[in-house]
Each structure stands twice: as C-alpha cells, then as structure tokens.
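Input: one structure, supplied below.
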Amino acid sequence: MAKLLDDAADVTLIEPRDRFIHNLAALRAVTDPDWIDRIFIPYDGLLTRGRVRRDRAVTVTPTTVQLASGEAVEADYIVLATGSTHHFPAKPEASDSTTAQAQLRQTYQELARADRVLLLGAGAVGLEFAGEIRTAWPDKDIMLIEPSAELMAGFPEEFRSQLRAQLEEMDIKVLLGASLQEPPATAAGQTGTFTVQTTTGVEITADIWFACYGATVVTDYLSPELQAARRPDGRIEVTPQLRVVGQERVFAVGDVTAIPEMKQAANASQHAEVVAANIRALIDGRDDLISHQPQPNQIALPLGPRGGVSYGPDFGVLGAAETAEIKGGLFLDRYLELLGATVEASQP
Ligand SMILES: Cc1cc2nc3c(=O)[nH]c(=O)nc-3n(C[C@H](O)[C@H](O)[C@H](O)COP(=O)(O)OP(=O)(O)OC[C@H]3O[C@@H](n4cnc5c(N)ncnc54)[C@H](O)[C@@H]3O)c2cc1C
C-alpha cells in the first residue's frame, strides 16, 4: 500500500518492527539457520518520498492515529493493515529483529535435539512446518494432530490425495479427528519428553511440540467511531471498495478484513492494489472507485523446498515438482524487490 501510493501522496507507514519480517519463510528459518537473517528485510529501500516510522498505533480515529510513543499523526486517508499474530514460530512476535532472530536460532537448537516432534494442527502452517522439519532431519518422528475429520477440507479430493501420498512418502503421520485431552507438560518449542492422550484415546510421547493453529486478528486500537465495523471475532467489515463500513476515508486491507476468502498475502496484495487505486481516485476528485471480488480458495502448499501440492481454480492441482518451482524459494525474491533490498542487505 505504502509503496503503491508513494508517488501520489505523502505516505507515513507506522510499524513497530525494525525490519519487515518475511513470515512466509519463518518455518524454514527454524529448520535451516541460513534463512534466519535473510527473512528480516530492512524498510530503508521501500519508500522514496514517504517514511516508515517505528511506532505502534494505539488508537485510530477516522482522522488521527495515536501512537504508543505519545505522538499523533493526522491523515486525510487511513489504511488499517495490522494483520494477525500467530503462534511462534509461524509469525515471530518480537518487534526487535535481533531478539526475533535469537528466538528462531534457539528454537532451531531445541528442534535439533528432539527425536519426536508433535504439531498441533494440520492446516497449511502445520503441514508446511512438517515438510520443513522432514527436509532438515530425515530421521525425526513427526506427528500432526488435527481435530477436523478431513485434511485441508475446502480443497478438491485430487489435491488432498496428492497431499496424503506425499505425506506418506515423507513418513509424516497425521491423526485426524483428534485433539489433546490436556496440553503437554512442557512449554511449546522447548525440548523435554512428555506424554499426552488424545480425545480418541491414543497415547503420544514426544520431545517437542508446537501449536500450528489459530491466527489472532490485531484490531484492538479502533476508536468508538470505527468499532461499529468490528465483528466479535475482531475482523473489520469493509465495503466492496474496501472502505471500513460507515467510513469515507478509512480503508482496511489484508488479514484484518472480514472479506469471505482465505487470509493470504496474495489476497492482501490484491486489496492493496484496489485501495491504492481508490485513494488515488479520491485524491484526484474522481468517484470511479474500483471493487475487490472475494477470491476462491487457492494455495501453493510446500512440503520442504522440493515437495508440496498446489491448487487454483484456474490451473487445477499441481504436484511436487511444479509446487517446488512456484514456491521452493518461498517468494523471498519478490519481497526483496518490493522492499528495494537484496539478500546481502538482510544479513547483519
Ligand atoms: C507460516 C505462514 C506461512 C504463510 N504462507 C503464505 C503463503 O505462502 N502465501 C500467502 O498468500 N499467504 C501466506 N500466509 C498468510 C500471510 O502471511 C498473511 O495473509 C499476510 O501476512 C497478511 O498480511 P497483512 O499485511 O494483512 O498482515 P501482517 O503480515 O500480519 O502484517 C501486519 C503488520 O502490522 C504491524 N502491526 C501490528 N499491530 C500494529 C499496530 N498497532 N500499529 C502499527 N502496526 C502494527 C505488524 O508488526 C505487521 O508488520 C502465511 C502465513 C503464515 C503464518
């Protein structure tokens, strides 16, 4: 959003992190330490005219953003793009990149010491994590537990059968229709042998576990005028033009929106294009605003750099080789380009 509007407006991007974190590759970073530094990309090259301010929005009204530092920024147009948080390591929490990198390094070491890994949740995050762990450690015992009766429900059977076949080939076990009776005695991401029972009566002993479910939307900063558009689950209702419902000059994009589609960076980028075009139109005094169409389910699900399955209504189901071609590099190049950076720039 910020980059798309940099030539048309005086843009201020407010962001608590000192570096952009390419979280799409966070799961590889805890299994391959070569990736730890490269997923933290400096913001310096993003904007030419505008600025990135390291701060946090604590209250947002239709015209003003109150910051944690105590300062306030007034704006003609405000775009809410605060996304979601996820259990570590899927989205590292620390806003300081040195701390986040140290946490990833520590988790890599914990994982390296564990023979048996238990992942709670076999959605895209759990499956992708399992694929990365298998690639790094061919001999570990890997098990996922998933409450749903079906793997990746919402995708065609051909996609799911390819996925099942690859998981079997990689010796990744998935227990469907089950959850834990009680959480493990150890903390997530810390090595230490534990035994748990599933709701289906299976006993599992493992050495480390991770929660791979449940993104939480970050929209705790809305003023009473904007609260009206906030659903009980925290997501923000938007119009087809991506205005916050009831607002003329406040927009929302990405994971915070209540748009009925998968919460994905690919969809967030489309929102950004729409809102950038709409703010340009409003700046020019035009009223020909464009709309976003909710996108059908599609996914490129890697299982390590050489495996995975993809599906999209336009191209159907793609297997391991094609998925690796599309996403083996986890789109790092694309984000380096967006941020005007190089891999060298993201090294300390
Ligand atoms: C492990 C993993 C892999 C994924 N892989 C893919 C994939 O391959 N393809 C895909 O399309 N999607 C993928 N996704 C989903 C994708 O990461 C999200 O949909 C995407 O990050 C959403 O972008 P966003 O800008 O809305 O939010 P975010 O990426 O969450 O960014 C929000 C930003 O706002 C900042 N922020 C938070 N609170 C405040 C505040 N109060 N004030 C100011 N700033 C704030 C945060 O620090 C953060 O930088 C993946 C997700 C995970 C967890």
Side-chain angles (χ1 to χ4, degrees), residues 1-3 12-31 35 39-41 43 46 52-60 65-69 73 78-97 100 104 119 121 123-132 210-222 234-236 238 242 251-257 259 261-272 275 295 297-303 308 310 312 323 326-332 334-335 338-339:
M1 277 294 327
K3 185 160 180 164
T12 300
L13 176 61
I14 294 157
E15 168 60 55
R17 294 186 187 279
D18 61 350
R19 286 183 169 217
F20 174 82
I21 173 160
H22 180 47
N23 80 273
L24 272 58
L27 303 171
R28 184 161 300 168
V30 276
T31 55
W35 279 74
I39 66 168
F40 293 85
I41 308 174
Y43 280 110
L46 179 69
V52 182
R53 268 181 81 158
R54 190 172 177 202
D55 215 322
R56 180 183 295 274
V58 289
T59 309
V60 178
V65 179
Q66 186 68 47
L67 301 173
S69 61
V73 179
I78 296 178
V79 183
L80 309 176
T82 44
S84 55
T85 59
H86 211 288
H87 292 288
F88 187 82
K91 275 195 182 178
E93 208 179 284
S95 59
D96 169 57
S97 52
L104 290 170
L119 303 177
V125 170
L127 292 167
E128 197 172 323
F129 199 8
E132 297 294 345
F210 293 90
C212 302
Y213 54 80
T216 307
V217 186
V218 184
T219 52
D220 54 355
Y221 49 75
L222 301 175
R235 296 202 190 277
I236 299 171
V238 290
L242 303 185
F251 294 81
V253 296
D255 282 10
V256 294
T257 63
I259 301 168
E261 62 186 10
M262 288 179 74
K263 299 302 162 201
Q264 290 178 324
N267 292 336
S269 299
Q270 289 196 17
H271 304 168
V275 174
Q295 293 300 296
N297 286 358
Q298 55 178 9
I299 196 164
L301 175 60
L303 292 174
S310 303
T323 301
I326 299 170
K327 212 177 155 186
L330 299 172
F331 303 139
L332 180 65
R334 206 181 282 183
Y335 282 83
L338 173 73
L339 282 132

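Remember, it's 1-based here, ligands and their atoms both numbered in the order they're listed. Note that this is a predicted model, so its numbers are computed, not measured.
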Is the backbone of Ile14 close enough, under 3.5 Å, to the side chain of Arg56 for a donor and an acceptor to pair up by distance?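 Checking the backbone N and O of Ile14 against the side chain of Arg56, no donor-acceptor pair under 3.5 Å is found.
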
Could you say whether the N/O atoms of His86 and ligand 1 ever approach to under 3.5 Å? no

Which of the ligand 1 atoms, numbered from 1, are nearer than 4.0 Å to a heavy atom of Gly83: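 Once the distances to Gly83 are compared, the set is 26 (O), 27 (O), 28 (P), 30 (O), 32 (C).
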
Please work out which of Met1, Glu93, Glu15 has its closest non-hydrogen atom nearest to atom 47 (O) of ligand 1. Glu15

Would you check the N or O atoms of Leu24, main chain and side chain alike, for any that come under 3.5 Å of an N or O of ligand 1?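 No, there is no polar N/O contact under 3.5 Å.
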
Describe, in one word, how the ring planes of His22 and Tyr335 are oriented to each other, choosing from parallel (under 30°), tilted (30 to 60°) and perpendicular (over 60°). tilted

Less than 6.0 Å separating the ring centroids of Phe210 and His87?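 Judged by ring-centre distance (under 6.0 Å), Phe210 and His87 do not meet the cut-off.
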
Do NZ/NE/NH1/NH2 and the carboxylate oxygens of Lys91 and Asp255 come within less than 4.0 Å?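 Salt bridge between Lys91 and Asp255, a charged N being under 4.0 Å from a carboxylate O: yes.
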
Short N/O distance, under 3.5 Å, between Asp255 and ligand 1?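 Checking ligand 1 against Asp255, an N or O pair does fall under 3.5 Å apart.
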
Of Ser269, Ala252, Ala57, Ser95, the one whose closest heavy atom lies nearest atom 41 (N) of ligand 1 is Ala57

Should you measure from each heavy atom of Val218, which atoms of ligand 1 turn up under 4.0 Å away? 38 (N)

Work out whether the distance between some heavy atom of Ala26 and some atom of ligand 1 is less than 4.0 Å.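 Flag not set, Ala26 not near ligand 1.
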
Atoms of ligand 1 under 4.0 Å from any heavy atom of Ala81, numbered from 1 in the order shown, are 32 (C), 33 (C), 34 (O)

Check whether the side chains of Thr216 and Ser84 place a donor and an acceptor atom closer than 3.5 Å, and report yes or no.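 No, because no side-chain N or O of Thr216 sits under 3.5 Å from a partner of the opposite role on Ser84.
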
Would you call Met262 a ligand 1 contact, heavy-atom distance under 4.0 Å?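 Judged by the 4.0 Å heavy-atom criterion, Met262 does not count as contacting ligand 1.
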
Lys91 versus ligand 1: do any nitrogen or oxygen atoms come within less than 3.5 Å of each other?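 For ligand 1, there is an N or O atom that lies under 3.5 Å from one belonging to Lys91.
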
